[in-house]
Amino acid sequence: MRIGVLTSGGDCPGLNAVIRSVVHRATVDHGDEVIGFQDGWKGLLECDYRKLDLDAVSGILPLGGTILGSTRVRPEHLRDGVERARGHVAELGLDAVIPIGGEGTLKAARLLSDAGLPIVGVPKTIDNDIASTDVTFGFDTAVGVATEALDRLKTTAESHQRVLIVEVMGRHTGWIALHSGMAAGAHAIVVPERPFDIEELTRAVGARFEAGKKFAIVVVAEGAKPREGTMDYEAGGTDVYGHERFAGIARHLSVELERRLGKEARAVILGHVQRGGTPTAYDRVLATRFGWHAVEAAHRGAFGTITALRGTDITLVPLAAAVERLKTVPAERYAEAECVL
Ligand code: F6P
């Protein structure tokens, strides 16, 4: 078999582990040839690729980022490029294409799959918002980074009797906020699934000070918004890929909380530090298993699917179902965080 692999969309710890696993399983166990497209779909559209053998993937298991590079592609460019992609797949004699990516990448994968290309997708995102898989690799690493940051921020917040509002990633969903907030014992967790009321939030944080505590830590997902009519907050519009731009919710909250509580408040935006660096052991294992199963799926001709974790098993889910909806934080899970919001 000849297999093409690419990484697309925002990077994520564990991408290299998938690439390595695909190359190992395909070349060692099946005698396949693997090529890697440079910079995501762009590489497929421009036929920019290189051969991936065992040497090419040697030592990459613990590396963050992606040795193949990644870019975002505007949906209309990809729609226009379907014929070009089909042509390149035929020209290169590819029997399977394995795109590794999040929501946007999997939507693009579906488009190409519907056009008849042999696709087996691998889901990735630190946001953990792909509904068809219990977990995506990268999430555990991001939660670990955010938790460590929260632990560190607690000590400095206490020294200076401050309220620290810590913004974590999560454009549509609050999984990183929920998990890191629970793990670090944050005093309030604000997620996009549950628009917040600034008065309630002020009361919750204020109650802590009234109880004699000298500091507070609030974790907020970047996509969180105030309940309509409760606080002035202008959305940041959208970028060229149709993604919402964020207007700095932590900074807005720090201004509001400082004003309302009369306590010094500071915003900390963790940003891309959550996506960089080495993946945790959990993410390396999940990524490796996804790569292994993607190659197996290609050999079985199970195209138009993505790998998914269900319980402890890896299974295949149709691409169509994979991109149907996002996995949001359910109310019951939020309630478990024992938040007062
Ligand atoms: O989709 C993962 C994600 O990390 C989001 O949480 C975040 O909003 C986005 O990527 C940032 O992407 P970019 O690197 O393009 O700014």
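Just so it is clear, the structure is predicted and the values come from calculations on it, not from any experiment. Quick note: residue numbers are just sequence positions, from 1. We count ligands from 1, going down the list as the structure has it; atoms in each ligand are counted the same way.
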query = Looking only at heavy atoms, which two atoms of Thr202 and Ile198 are closest? And how far apart?
reply = OG1-O, 2.6 Å
task = Could you check Thr173 against Asp127 for side-chain hydrogen bond (donor to acceptor under 3.5 Å, both in side chains), going step by step and ending with a plain yes or no?
result = CA-CA 7 Å; Thr173 64; Asp127 293 352; 5.5 Å; no
request  = Tell me the residues surrounding ligand 1, counting only those with a heavy atom closer than 4.0 angstrom, sorted by chain and number.
outcome  = Arg72, Ile126, Asp127, Met169, Gly170, Arg171, Glu222, Phe246, His272, Arg275
message = Side chains of Asp32 and Thr27 only: does a donor on one sit below 3.5 Å from an acceptor on the other?
response = no
ask   = Atom CG in Asp29, atom CD in Glu296: separation rounded to 0.5 Å?
value = 7.5 Å
key: Residues in side-chain contact (heavy atoms from CB on, under 4.5 Å) contact with His272, at least two apart in sequence or another chain   = Met169, Arg275
message = Rounded at 0.5 Å granularity, tell me how far NZ in Lys107 sits from CZ in Arg110.
response = 10.5 Å
